[in-house]
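See structure below.
Here, residue 1 is the first one in the sequence, and each next residue gets the next number.
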Amino acid sequence: MKHYLQFTDFSADEYAYLFRRAALIKKKFKAYEKHHPLVDRTLAMIFEKASTRTRVSFEAGMYQLGGSVVHLTTGDSQLGRAEPIEDTARVISRMVDLVMIRTFEQTKIERFAAHSRVPVINGLTNEYHPCQILADLFTFIEHRSAPGQARPTDCLKGITVAWVGDGNNMANTWLQAASLLGFKVHVSTPRGYEIDAKMASSAGGISASSYQFFGDPHEACKGADLVTTDVWTSMGYEAENAARQKAFADWCVTPAMMAAAKPDALFMHCLPAHRGEEVAAEVIDGPQSVVWDEAENRLHVQKALMEYLLLGTVA
């Protein structure tokens with residue numbers, strides 16, 4: 001049994017398989033072909049943080065795979081309240097086949113997984129967002145892979161991803177992906193909002209050669225194959241919003257930043273987006289933006305992920 005709690009839980013070979021599988025599952029979806037490998041399987045979704053894309057993509061995905069879904073929020077369950085997380089895990093995992101959790105501290109999902117009889121998926125924590133990066137990489141592969149490539153991940157080798165904004169769970173996961181799959185991340189964050197030093201180290205599964213920090217976001221974007229960002233104030237940090245608005249004023253992804261990147265560079269954003277804050281409207285709604293493909297691809301890669309966690313490699 002495997003869990004998917006952070007990007008480093010899988011190997012490069014497993015990602016190559018998942019991207020191939022996601023492409024096949026997406027092709028079937030577009031052709032209205034039934035793909036029901038998870039008949040009679042049940043996914044429990046536990047939300048301590050609200051969600052739109054995570055809920056819809058996992059719930060629709062599980063139904064499309066032939067399974068069923070149980071949706072729980074903190075108001076519906078004992079997670080982290082009167083009952084210890086370990087006991088909740090022991091109970092829920094006896095009743096379902098798969099659990100997806102979207103919560104705050106990574107330690108919560110790790111404690112749940114340690115006492116679960118079934119695979120657990122990280123739908124987002126304060127520290128990591130592996131399912132989103134899975135979708136982002138699949139989207140880049142769709143747009144940039146060359147015909148005849150032996151492995152879907154080959155087109156990622158040596159590329160540069162520019163991360164502009166907060167040193168948050170998305171940035172942490174981009175660093176893990178770069179270290180594992182052989183590309184580089186240029187990171188630019190305002191002073192005081194850097195990536196946690198422990199995350200950007202061997203302790204966090206990161207190779208020092210896979211990233212570089214920049215004080216100037218325009219410099220970070222120079223020569224990038226992909227420019228990506230996130231909201232300035234993530235869920236749970238709303239009390240800091242006024243301070244963040246001031247600190248991040250120069251970290252809005254603008255047409256000038258995109259012009260500093262390669263001419264064919266893509267723009268991504270995990271959404272929801274605030275035009276005029278972390279990204280200019282001309283960028284997110286412009287020709288280099290692939291955010292809608294990126295959002296849709298959460299559905300397809302997560303279907304491949306759930307299938308893999310429950311069935312393993314399918315011939």
Side-chain angles (χ1 to χ4, degrees), residues 7 45-61 71 73-74 100-104 121-140 142-143 161-174 177 187-190 193 195 217 221 226-255 257-258 266-302:
F7 199 87
M45 303 191 303
I46 302 173
F47 289 92
E48 287 197 300
K49 284 190 176 186
S51 169
T52 301
R53 280 153 292 278
T54 297
R55 179 177 177 180
V56 174
S57 57
F58 270 108
E59 189 163 347
H71 175 252
T73 66
T74 49
M100 186 283 297
I101 301 177
R102 184 179 173 95
T103 186
F104 292 89
I121 298 171
N122 181 351
L124 175 145
T125 61
N126 289 345
E127 292 84 358
Y128 301 110
H129 199 357
C131 289
Q132 183 63 57
I133 301 304
L134 193 63
D136 293 0
L137 291 172
F138 180 65
T139 304
F140 187 89
E142 280 191 319
H143 284 265
V161 175
W163 176 262
V164 177
D166 193 15
N168 61 9
N169 51 6
M170 286 287 292
N172 294 337
T173 312
W174 270 115
V187 179
S188 183
T189 67
Y193 298 93
I195 290 175
C221 292
L226 167 64
V227 178
T228 184
T229 190
D230 193 2
V231 295
W232 290 343
T233 307
S234 297
M235 196 177 300
Y237 297 90
E238 289 83 359
E240 302 176 9
N241 189 57
R244 284 173 174 263
Q245 292 285 327
K246 184 177 180 180
F248 283 79
D250 293 331
W251 274 262
C252 173
V253 179
T254 61
M257 289 186 195
M258 293 304 300
L266 302 177
F267 172 78
M268 292 189 193
H269 189 308
C270 59
L271 303 177
H274 302 93
R275 290 165 176 80
E277 290 187 12
E278 73 274 6
V279 60
E282 304 96 303
V283 172
I284 194 170
D285 298 318
Q288 291 171 280
S289 174
V290 292
V291 297
W292 314 120
D293 293 340
E294 178 189 6
E296 178 191 334
N297 281 336
R298 284 286 300 276
L299 172 71
H300 308 301
V301 294
Q302 287 167 188

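- Every residue two or more places apart in sequence or in another chain that forms a side-chain contact (heavy atoms from CB on, under 4.5 Å) with Ala135 is listed here: Gln132, Asn297, Arg298, Val301.
- Distance alone, capped at 3.5 Å, places no donor-acceptor pair between the Arg53 side chain and the Ala295 backbone.
- Residues meeting the side-chain contact (heavy atoms from CB on, under 4.5 Å) test with Asn172, sequence neighbours left out: Tyr128, Ile195, Met199.
- Taking the ring centroids of Phe47 and His71, they lie under the 6.0 Å cut-off.
- Taking 4.5 Å as the limit, some side-chain heavy atom of Val227 sits within range of a side-chain heavy atom of Met258.
- Residues forming a salt bridge (charged side-chain N to carboxylate O under 4.0 Å, His left out) with Glu278 (at least two apart in sequence, or on another chain): none.
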Donor-acceptor contacts under 3.5 Å from residues 243-252 side chains, at least two apart:
unit_1, atom_1, unit_2, atom_2, d
Arg244, NE, Glu240, OE1, 2.8
Arg244, NH1, Asp166, OD2, 3.0
Arg244, NH1, Trp232, O, 2.7
Arg244, NH2, Glu240, OE1, 3.1
Gln245, NE2, Glu277, OE1, 3.2
Trp251, NE1, Ser188, O, 3.3
Trp251, NE1, Ser188, OG, 2.9

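- Taking the side chain as every heavy atom from C-beta outward, Leu124 and Ser51 never approach each other to under 4.5 Å.
- The two residues Phe58 and Cys131 make their nearest non-hydrogen contact at CZ-SG, 3.9 Å.
- Considering only heavy atoms from C-beta on, Val283 stays 4.5 Å or farther from Thr229 through its side chain.
- Going from atom OG1 of Thr54 over to atom CG of Asn122 covers 9.5 Å, rounded to the nearest 0.5 Å.
- Going from atom CG of Asp293 over to atom CZ of Phe140 covers 13.5 Å, rounded to the nearest 0.5 Å.
- Scanning all heavy atoms of the two residues, the minimum distance from Leu137 to Ala177 falls at CD1-CB, 4.1 Å.
- Partners of Asn169 according to the side chain to side chain donor-acceptor pair (under 3.5 Å) rule, which considers only residues two or more places apart in sequence or in another chain, do not exist here.
- The heavy-atom pair separating Pro272 from Val231 by the smallest distance is O-CG1, 3.0 Å.
- Paired with Asn168 under the rule side-chain hydrogen bond (donor to acceptor under 3.5 Å, both in side chains), one option of Asp230, Thr233, Thr189, Asn126 passes, and it is Asp230.
- Asp136 contributes atom CG, which lies 8.5 Å from atom NE2 of His129 (distance to the nearest 0.5 angstrom).
- For residues 279-288, the set of pairs meeting the side-chain hydrogen bond (donor to acceptor under 3.5 Å, both in side chains) definition, not counting sequence neighbours, comprises Arg275-Asp285.
- His300 is linked by a ring-ring contact (aromatic ring centres under 6.0 Å, His included) to Phe29, counting only residues two or more places apart in sequence or in another chain.
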**From CA spacing to verdict: side-chain contact (heavy atoms from CB on, under 4.5 Å), Trp174, Ile133** = CA-CA 7 Å; Trp174 270 115; Ile133 301 304; 3.3 Å; yes
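- Contact detail for Pro190 and Gly165: the closest heavy-atom pair is CD-O, 3.6 Å.
- Listed by chain and residue number, nothing satisfies the side chain to side chain donor-acceptor pair (under 3.5 Å) test with Ser289 (two or more places apart in sequence, or in another chain).
- Applying the ring-ring contact (aromatic ring centres under 6.0 Å, His included) rule to pairs touching residues 266-299 yields nothing, sequence neighbours excluded.
- Ser57 is linked by a side chain to side chain donor-acceptor pair (under 3.5 Å) to Gln302, counting only residues two or more places apart in sequence or in another chain.
- In this structure, the separation between CD on Glu48 and OG1 on Thr103 is 3.5 Å, given to the nearest 0.5 Å.
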